[in-house]
Amino acid sequence: MAGGITETGELYSPYVGLVYMFNLIVGTGALTMPKAFAQAGWAVSLALISFLAFMSYMTTTFVIEAMAAANAQLRWKRREQEEVQDSDSTSDYSDDDVRGRSEPETRPILSVQRTGGGHVDHFDIVERVEMGQMASMFFNKVGVNMFYICMVVYLYGDLAIYAAAVPISLMEVACGNHSCSAGGVKYDDTDLCWGPVTRKDAYKVFLSIFTVMLGPFVFFDAQKTKYLQILTSLMRWIAFTMMIILALIRIGKDRGEGRPRMAQISGVPNLFGVCVYSFMCQHSLPSLVTPISDKRRVGTLVVCDYVLILGFYGLLSFTAIFCFDSSLLHDMYTLNFTDNCDVLDIPALRYFLGLFPVFTISTNFPIIAVTLRNNWKTLFHRDGGTYPWVVDRIVFPLITLVPPIIVAFCTHNLESLVGITGAYAGTGIQYVIPALLVYYGRRHLVPMLGTDEVNKHRSPFRHTFWVWFVVVWATFCLMFVTANIILEDTKK
């Protein structure tokens, strides 16, 4: 995620890229969205999610433009090195020839390419340059460190969400009443699960098992396989489709219990964080866009993806808030189908939906953990230095694993975890970093290419106004969310 230039991998068509982006964005955040919609009101939620989808689309185009700018800069530096090598190789034969050559630092890349006889498009995205590498190319040292800190905080939030979601699902399946006699009942943490063990104790037991089973992966390197991706994506779409159809059937029979409000301002801050988290894809765009074989229609495909995702989120959330009583909606939406036989009376399918997050999230936890560990190493890395074995193999894995597990032990309020992660670290990664990358990327290219060469992947929002609009919007949102948290705490 935050490494340097890596292998592009096997190329795929633009339509496959559209599917990959759809699967990348639609994840765990979607399961927490229905409750956030119910708390903020359907009208406010619809307006806010539409606007945030537009903002996420804008910053996605910023990242793609920055990727093209990074590729152009790499070509410039490579050509510059070739010029220096050519100069050195001819110096032994003719000093006059060397004096007649232009200095590579002062020659624009356009002249270099044209003297070679053919025009090369400098902005072709052929090398995968991750966001961390772009930050090191366009930002100063402080900016690079801030980028990695923001990435680390976001990944910590991700891991805490995953670490809480799996035990919650296991607890609900193990402790919930699946005899069709407790539909619509919302349990309390102090209720008994089995014997003298409360539901909260059962959650901690499952969290301990989760930590023991998946925690050791952070000490090694984990790779996601192609077949694992296919399996988890298939399960996810089966689960999402089932939930939407079941809710629509119940609403169609006029048995929906939901009577959502039109607007409730107190629910807006959390909805903001959930929506930002649910549209997160900017940090993975280099790995997703670079292998697309024909990038001429990337812009159109991105628009289509965001329209489809917005429609999907709206369909999932609206069917949920009109199907279920808002006070009974779970943080993890799948759990509303495990203890309500009025909606789903087939035990096998209820258990499938209840355990669905366990299968999909468990496969992602080791990968996110290894990514976070590597970001820690990069943040503290010094040129020419190596880490002692204990630091490399013990300290970094422990500082990666322990904090999110502690957070998960302290709270399993998924809605708050997703909201806070999205509102703070998510705002930085989705808004601030892409805006600054495209701004400084443009500034870096002017001395190299001049102002005549046009980036074919430039954002439709090319005016500088949009860059600063994103930054101001992100700042306002952070202030609003923080003020709301402080006010809520003072009320308590």
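The side-chain hydrogen bond (donor to acceptor under 3.5 Å, both in side chains) check on S416 picks up N413, with sequence neighbours excluded.
Here the shortest heavy-atom pairing between A202 and V197 reads N-CG1, 3.9 Å. Heavy atoms only, all atoms of each residue included: T334 and P357 are closest at OG1-CG, 3.7 Å. What you find for L24 and S284 is that their closest heavy atoms are CD2-CB, 3.7 Å. Across all non-hydrogen atoms, the minimal contact from A247 to Y333 is CB-OH, 4.1 Å. Considering every non-hydrogen atom in both P269 and S266, the closest pair reads CD-O, 3.6 Å. Between A408 and A163, the shortest heavy-atom contact is CB-CB, 3.9 Å.
L170 pairs in a side-chain contact (heavy atoms from CB on, under 4.5 Å) with only one of the listed residues (I209, V358, L207), which is V358. Each of F409, F217, F365 was compared with F210 under the ring-ring contact (aromatic ring centres under 6.0 Å, His included) criterion, and only F365 meets it.
Aromatic ring centres of F465 and F461: separated by at least 6.0 Å. The ring of Y313 has its center no closer than 6.0 angstrom to the ring center of F318. In this structure, the ring of H283 has its center less than 6.0 angstrom from the ring center of Y154. Taking the six-membered ring for Trp and the full ring otherwise, W473 and F51 have centroids separated by under 6.0 Å. A distance of 6.0 Å or more separates the ring centres of Y148 and W376.
Rounded to the nearest 0.5 Å, atoms OG1 (T482) and OH (Y424) are 2.5 Å apart. Within the model, atoms CG of L335 and CD of E172 stand 5.0 Å from one another, a figure rounded to the nearest 0.5 Å. Of the inter-residue distances, the one linking R261 atom CZ with I321 atom CD1 reads 13.0 Å to the nearest 0.5 angstrom. Residue S278 holds its OG atom at 3.5 Å from CE of M33, rounded to the nearest 0.5 Å. Between the OG1 atom of T211 and the CG atom of L214 there is a distance of 8.5 Å, given to the nearest 0.5 Å. Interatomic distance, I168 CD1 to H412 NE2, rounded to the nearest 0.5 Å: 5.5 Å.
When side chains are defined from C-beta on, Y431 counts as touching L52, because their heavy atoms get closer than 4.5 Å. Here the side chains of R199 and L192 are not in contact, with every heavy-atom distance at 4.5 Å or above. Proximity of I245 to I249: side-chain heavy atoms (C-beta onward) are separated by under 4.5 Å at one or more points. Within the 4.5 Å cutoff, no side-chain heavy atoms of V298 are placed close to those of P14. Looking at L372 and L159, their side chains come closer than 4.5 Å, going by heavy atoms from C-beta outward. A 4.5 Å side-chain heavy-atom check between S169 and L355 finds every atom pair outside the cut-off. Proximity of V274 to F37: side-chain heavy atoms (C-beta onward) are nowhere separated by under 4.5 Å. With contacts defined as side-chain heavy-atom distances shorter than 4.5 Å, the pair C193/M171 does not qualify.
Checked by atom type and distance alone, the side chain of S293 pairs as donor or acceptor with a backbone atom of Y12 at under 3.5 Å. Checking side-chain atoms of K295 against main-chain N and O of I125 turns up a donor-acceptor pair under 3.5 Å. No side-chain donor-acceptor contact under 3.5 Å links T241 to the backbone of I238. Judged by distance alone, the side chain of R236 and the main-chain N or O of F356 form no donor-acceptor pair under 3.5 Å. No donor-acceptor pair under 3.5 Å is formed between the side chain of D294 and the backbone N or O of S13.
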For this session: Using the side chain to side chain contact (heavy atoms under 4.5 Å, CB included) rule, take R250 and E257 through it: C-alpha gap first, then chi angles, then the decisive distance, then the call.
Result: CA-CA 9 Å; R250 193 182 191 202; E257 301 172 352; 2.9 Å; yes

For this session: Kindly determine whether Q39 and S326 satisfy side-chain hydrogen bond (donor to acceptor under 3.5 Å, both in side chains), including the steps that lead there.
Result: CA-CA 8 Å; Q39 292 181 338; S326 297; over 6 Å; no

Exercise. How far apart are the C-alpha atoms of R458 and V438, what are their side-chain angles, what is the distance that settles it, and do they pass the side chain to side chain contact (heavy atoms under 4.5 Å, CB included) test?
Worked result: CA-CA 9 Å; R458 65 179 179 176; V438 76; over 6 Å; no

For this session: Kindly indicate, with the supporting measurements, whether the criterion side chain to side chain contact (heavy atoms under 4.5 Å, CB included) is fulfilled by W468 and V471.
Result: CA-CA 5 Å; W468 295 116; V471 174; 4.2 Å; yes

Problem set entry | Check against ring pair (Phe, Tyr, Trp, His ring centres under 6.0 Å), F337 and F324 | CA-CA 10 Å; F337 296 86; F324 298 100; 5.4 Å; yes

Problem set entry | Stepwise side chain to side chain contact (heavy atoms under 4.5 Å, CB included) check, L48 with L271 | CA-CA 8 Å; L48 183 61; L271 175 67; 3.7 Å; yes

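With F322 as the aromatic partner, R259 does not meet the cation-pi criteria of under 6.0 angstrom to the ring centre and within 45 degrees of the ring axis.
Judged by distance alone, the side chains of Y57 and D305 never bring a donor and an acceptor atom under 3.5 Å apart. When only modelled atom types and interatomic distance are considered, D201 and T198 share a side-chain donor-acceptor pair under 3.5 Å.
Taking the six-membered ring where tryptophan is involved, the planes of F312 and W237 are perpendicular, since the angle between them exceeds 60° and thus also 30°.
The environment of CE in M146 is sparse: at most 12 heavy-atom neighbours from other residues, nucleotides or ligands sit within 6.0 Å. Open room surrounds OH on Y440; 12 or fewer heavy atoms of other groups in view lie less than 6.0 Å from it.
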Which atom pairs, one a donor and one an acceptor, fall under 3.5 Å between side chains of residues 59-68 and the rest of the protein, sequence neighbours left out?
{"unit_1": "T59", "atom_1": "OG1", "unit_2": "M55", "atom_2": "O", "d": "3.3"}
{"unit_1": "T59", "atom_1": "OG1", "unit_2": "S56", "atom_2": "O", "d": "3.0"}
{"unit_1": "T59", "atom_1": "OG1", "unit_2": "Q282", "atom_2": "NE2", "d": "3.1"}
{"unit_1": "T59", "atom_1": "OG1", "unit_2": "Q430", "atom_2": "O", "d": "2.8"}
{"unit_1": "T60", "atom_1": "OG1", "unit_2": "S56", "atom_2": "O", "d": "2.9"}
{"unit_1": "T60", "atom_1": "OG1", "unit_2": "Q282", "atom_2": "NE2", "d": "3.2"}
{"unit_1": "T60", "atom_1": "OG1", "unit_2": "Y306", "atom_2": "OH", "d": "2.7"}
{"unit_1": "T61", "atom_1": "OG1", "unit_2": "M58", "atom_2": "O", "d": "2.4"}
{"unit_1": "T61", "atom_1": "OG1", "unit_2": "S459", "atom_2": "OG", "d": "2.8"}
{"unit_1": "E65", "atom_1": "OE1", "unit_2": "R442", "atom_2": "NH2", "d": "3.1"}
{"unit_1": "E65", "atom_1": "OE1", "unit_2": "S459", "atom_2": "N", "d": "2.8"}
{"unit_1": "E65", "atom_1": "OE2", "unit_2": "R442", "atom_2": "NE", "d": "2.7"}
{"unit_1": "E65", "atom_1": "OE2", "unit_2": "R442", "atom_2": "NH2", "d": "3.4"}

